[in-house]
Amino acid sequence: MQNYFTEILTDLLGNELLAEILTYVLSTVPILAFIVFFVLFAVWLERKVSAHMQDRLGPMRVGWHGVLQTIADFIKLIQKEDIIADANDKALFNIAPFLVFVSTLATFTLLPFTSIFVGSNADVGIFLVLALSGGVVAGILMAGWASNNKYSLYGSLRAAAQIVSYEIPTALVVLTMIMVYGTMNLGDVTEAQTSYFWNWGIFGGAGLGLGKFLLVPFMFVAFIILFISTLAESNRTPFDLPESESELVAGFNTEYSGIKFSLFFLAEFANMFLIGAILVIFFFGGYNSPFGYFGNLIGVDWLVPVEQLFWFISKGMFFVFVSMWLRWTLPRVRVDQLMTICWKYLIPYAFFNLLIVGLILLV
Amino acid sequence: MSIYDFIFYLFAAITVGSALLVVSSDNIVRSAFYLLATFFGVSGLYVLLGADFVAVTQIMVYIGGILILLLFGVMLTSNITNVEIKKGMKNLLPAIIGIGILLGAVISMMIDTRWKINVGEIPQTTSYEIGKLLITDYVLIFELLGILLLIALIGAASMARRERSK
């Protein structure tokens with residue numbers, strides 16, 4: 001598909017280099033469009049979920065049950081004045097939101113949405129996803145420091161400490177999963193869980209025999225650890241200390257307004273889907289349908305990728321819903337509790353899990 | 001000029017440009033942030049060399065680890081932002097000799113290395129081969145590095161503990 005685009009553009013522009021560069025740029029457009037549409041939907045969903053959990057109705061005025069509310073909000077947001085205070089470090093202040101957003105966008109290019117559409121089928125897959133969260137940390141620190149505001153700086157330092165700490169259990173569980181699947185390529189991980197749902201990671205993977213049944217409880221432990229630690233990495237409640245409104249105004253994005261604030265916002269919500277996507281890829285079969293494909297049944301080939309896209313997004317959305325559910329159910333943890341959960345519970349459990357899964361795989 | 005040439009020059013420009021900014025900046029926090037671009041540019045060059053695993057490790061270790069640590073250090077150390085950073089020419093002769101030796105080493109390495117220039121020779125992925133080599137040919141070095149890191153970890157923990165008991 002990519003070569004096809006390059007040829008068309010070469011004919012149009014008469015310059016192969018320019019055409020190729022343009023192709024690479026254009027190939028991120030579907031992912032960017034997905035993020036924007038997802039965020040518009042997810043913000044509305046978040047408000048509706050929170051409202052219904054608190055026995056309210058939430059936005060009801062704009063469109064059916066307020067579905068167009070976020071679009072209206074977004075239009076309002078992008079026409080706001082872009083405020084830069086005198087004491088801000090201008091260059092860093094302007095770069096930070098883009099650094100955070102681009103790092104998040106880059107991780108999305110590695111997700112296998114269907115068997116035919118993967119932005120970049122890199123062999124280092126999940127390793128790169130983990131590595132790119134370093135860009136997010138740097139961006140958040142940059143935002144907090146450039147804002148020249150003590151609340152922003154506190155928020156960004158908290159965020160960085162939190163993300164760096166919770167990266168350890170995440171990496172340990174991911175290591176366990178790499179051992180189980182024998183690859184870091186997210187597309188191959190998904191391929192390994194093809195056909196029915198009992199081949200999914202949470203049910204011990206595609207292998208048969210005793211090993212599969214022994215793996216099930218440890219896969220479940222791995223799933224819980226990965227879920228908690230990725231939730232903490234995305235700075236969501238109950239781990240939203242970096243922007244705890246009652247203490248820090250709004251954390252590292254206090255000084256931001258207009259389009260730059262919305263970039264932070266986009267990155268945060270995109271991260272929610274990213275968590276869901278990673279959990280789905282490792283434990284719930286990625287884009288694989290649980291019962292086989294309707295397209296194969298009636299012999300329509302093009303229907304299969306559409307179904308895969310449907311399954312991937314709906315499984316991902318389920319975890320987005322779970323994280324919203326948690327957000328409106330649980331109170332925020334304290335800083336010391338946050339660090340205790342990570343260092344005293346998650347990391348030792350993740351280590352034991354790694355060891356036991358390794359032993360099972362050897363046998 | 002193919003697309004790879006273009007990407008190479010882009011990353012080379014990022015690396016060199018930001019490295020120059022790191023040393024010429026007046027503000028130490030800014031220098032640390034410019035270093036981010038330098039690390040990123042270097043990892044891009046690794047990708048172009050066909051070393052995908054090394055490139056990601058570069059991002060993981062340098063941007064995700066060392067740079068963040070550096071920023072924490074710079075931001076949390078009091079008065080460091082007000083420190084007058086000395087710039088300008090000083091000790092010119094030793095500097096020229098040092099850089100000359102380094103340049104010579106790099107150039108000789110560039111000439112001596114047998115670069116893989118045909119498409120068939122360049123491995124598509126490297127992580128599998130690196131993993132296999134680490135537990136076969138280089139297993140002793142690998143284990144020694146593990147012990148070294150463990151010692152560093154224990155040392156760091158004991159130093160942090162001693163501070164608290166005072």
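Letters A, B, ... are given to chains in the order of the sequence lines, protein chains preceding strands, and every chain is numbered from 1. Note that the structure is predicted; figures quoted are calculated from it, not measured.
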(request) Output the distance between atom CG (A:Leu99) and atom CG (B:Leu36), rounded to the nearest 0.5 Å. (result)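 It is 5.5 Å, given to the nearest 0.5 Å.
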
(request) Kindly compute the distance separating CG (B:Asp52) from CE (A:Met184), expressed to the nearest 0.5 Å. (result)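 Going from CG on B:Asp52 over to CE on A:Met184, the span is 7.5 Å.
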
(request) Sort A:Ile95 into side chain, backbone, both or neither according to what part of it lies under 4.5 angstrom from a heavy atom of chain B. (result)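 No part of it gets close to chain B.
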
Should we say atom [atom1] of [X] is surrounded by more than 12 heavy atoms from elsewhere, each under 6.0 Å from it?
X        : atom1 : result
B:Phe72  : CZ    : yes
B:Phe11  : CZ    : yes
A:Phe264 : CZ    : yes

(request) Evaluate the criterion side-chain contact (heavy atoms from CB on, under 4.5 Å) for residue pair B:Tyr128 and A:Thr183; output intermediate values, then yes/no. (result) CA-CA 9 Å; B:Tyr128 185 75; A:Thr183 175; over 6 Å; no

(request) Identify which of A:Leu157, A:Val136, A:Val164, A:Leu130 forms the greatest number of heavy-atom pairs closer than 4.5 Å to chain B. (result)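 Highest number of heavy-atom pairs under 4.5 Å: A:Leu157.
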
(request) Quick one: closest heavy-atom pair of B:Leu67 and A:Ala138, and the distance? (result)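 Shortest heavy-atom separation between B:Leu67 and A:Ala138 comes out as CD2-CB, 4.4 Å.
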
(message) Check the orientation of B:Phe33 and A:Trp145. Use parallel for under 30°, tilted for 30 to 60°, and perpendicular for over 60°.
(response)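 Geometry flag for A:Trp145 against B:Phe33: tilted rings.
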
